Amino acid sequence: MIDVSHQISAVRRTLGDRVLEGKEARVLTISQVYDTDVDDLWDACTNPERIPRWFLPVSGELKLGGKYQLEGNAGGTVERCDPPKSFAATWEFGGNVSWIEVRLTPEGDGTRFELEHVAHVDERWDEFGPGAVGIGWDGALVGLVLHLATPGSAVDPEAAMAWMMSPEGIRFMTASNEAWYEADVASGADPAKARAAADRTLKAYTTPPEA
């Protein structure tokens, strides 16, 4: 499917702090350069016909003020939109609200995709750390790699899930989780607490669902 080592090293991952709505929040940023222009990458990220080919089926209105829903995942409201440079939206899932912003900038012969995910620090963050969402975003960037390499292709959800539980998929998630652990420590987290959280996250991701 992919070269795991190459993909992990091609992605930048950072963590930061922010006060949002009067509460402590963590800022997770992930980015990768893609071999395409800004307009094409914008279309891949905002066209409801292309989004399911690399991410998830989406419904709703993908416009300023519109509400969207990703199948089996988060929904929210588009809060800002500046095509073809950036958009921002709420990310509402499981009764919790966080915020995402996608930014596209030309870089060399390609375009850098950068996603910022801001979430309040809560019990879930303390338990699992950045890998809980970071591994998922790493997986999304893989989907985008494959889609742009073969624009007419589409993600097969069953095949993707089977790959994630394969030895290669587990190696990918393990490497992603380790990279987010390192980013967590680099941002100032206690190494022992960060390690424990990363271990819990990897177990959650790699334990097969019960039949």
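Values in this document were obtained by computation on a predicted structure and should not be read as measured data.
Residues passing the salt bridge (charged side-chain N to carboxylate O under 4.0 Å, His left out) test with Glu168 are Arg171, sequence neighbours excluded. Considering only residues two or more places apart in sequence or on other chains, Gln69 meets the side chain to side chain donor-acceptor pair (under 3.5 Å) condition with none of them. In this structure Asp35 satisfies the side chain to side chain contact (heavy atoms under 4.5 Å, CB included) test with no other residue, sequence neighbours excluded. Residues that satisfy the ring pair (Phe, Tyr, Trp, His ring centres under 6.0 Å) test with Phe172, not counting sequence neighbours, are Trp163. With sequence neighbours excluded, the residues that form a side chain to side chain contact (heavy atoms under 4.5 Å, CB included) with Glu21 are Trp99, His120. With sequence neighbours excluded, the residues that form a side chain to side chain contact (heavy atoms under 4.5 Å, CB included) with Leu70 are Phe55, Leu56, Val58, Tyr68, Asn73, Trp91.
Using a 4.5 Å cut-off between side-chain heavy atoms of Ile, Leu, Val, Met, Phe, Trp and Tyr, with links allowed through other members, Leu15 and Phe128 fall into different hydrophobic clusters. Linking ILVMFWY residues whenever their side-chain heavy atoms come closer than 4.5 Å, directly or via other members, places Ile8 and Met164 in the same cluster. Under the 4.5 Å side-chain heavy-atom criterion for ILVMFWY residues, a single connected hydrophobic cluster contains both Leu115 and Trp54. No continuous path of hydrophobic side-chain contacts links Leu202 to Leu28 [ILVMFWY only; heavy atoms under 4.5 Å]. Under the 4.5 Å side-chain heavy-atom criterion for Ile, Leu, Val, Met, Phe, Trp and Tyr, Leu104 and Val11 are members of the same hydrophobic cluster.
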Which side-chain N or O atoms in residues 129-149 pair as donor and acceptor under 3.5 Å with protein atoms at least two apart or in another chain?
from   : atom 1 : to     : atom 2 : distance (Å)
Trp137 : NE1    : His117 : ND1    : 2.9
Asp138 : OD1    : Arg13  : NH2    : 3.0
Asp138 : OD2    : Arg13  : NE     : 3.1
Asp138 : OD2    : Ser176 : OG     : 2.7
Asp138 : OD2    : Trp180 : NE1    : 3.0
His147 : ND1    : Pro151 : O      : 3.3
His147 : NE2    : Arg50  : NE     : 3.1
His147 : NE2    : Arg50  : NH2    : 3.1

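The two residues Val185 and Ala194 come nearest to each other via the heavy atoms CG2-CB, 4.0 Å. The minimum heavy-atom distance between Ala25 and Leu20, with the atom names listed, is CB-CB, 4.2 Å.
Remark: Glu49 CD to Asn47 CG distance equals 5.5 Å, nearest 0.5 Å. Going from atom OG of Ser9 over to atom CD of Gln32 covers 9.0 Å, rounded to the nearest 0.5 Å. We find the CD1-OG1 distance between Ile30 and Thr14 to be 9.5 Å, quoted to the nearest 0.5 Å. Separation of atoms CD (Glu114) and CD (Glu107) is listed at 9.5 Å; rounding is to 0.5 Å. Atom CG of residue Leu62 and atom SG of residue Cys81 lie 9.5 Å apart, to the nearest 0.5 angstrom.
Using a 4.5 Å heavy-atom threshold, the side chains of Asp39 and Asp43 count as separate. The shortest distance between side-chain heavy atoms of Lys63 and Val78 does not fall below 4.5 Å. Contact annotation: the side chain of Thr206 approaches that of Ile170 to within less than 4.5 Å [non-hydrogen atoms, C-beta and beyond].
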Tell me, with the steps shown, if Asn177 and Thr201 meet side-chain contact (heavy atoms from CB on, under 4.5 Å). CA-CA 8 Å; Asn177 188 59; Thr201 293; 3.6 Å; yes
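Screening residues 25-47 for ring-ring contact (aromatic ring centres under 6.0 Å, His included) gives Trp42-Phe87 as the qualifying pairs, with residues at least two apart or on separate chains. Among pairs with a residue in residues 76-100, those fulfilling salt bridge (Lys or Arg N to Asp or Glu O under 4.0 Å) read Arg80-Glu101, at least two apart in sequence or across chains. Pairs passing the ring-ring contact (aromatic ring centres under 6.0 Å, His included) check and including a residue from residues 4-28, sequence neighbours excluded, do not occur. Listed by first then second residue, pairs satisfying salt bridge (Lys or Arg N to Asp or Glu O under 4.0 Å) with a partner in residues 182-193 read Arg26-Asp184, not counting sequence neighbours. For residues 195-206, every residue pair satisfying the salt bridge (Lys or Arg N to Asp or Glu O under 4.0 Å) rule, not counting sequence neighbours, is listed here: Glu178-Arg195, Arg195-Asp199.
Using modelled atom types, one side-chain atom of Thr111 and one backbone atom of Thr36 make a donor-acceptor pair closer than 3.5 Å.
In Asp109, the CG atom is not crowded: 12 or fewer heavy atoms of neighbouring residues, nucleotides or ligands sit closer than 6.0 Å.
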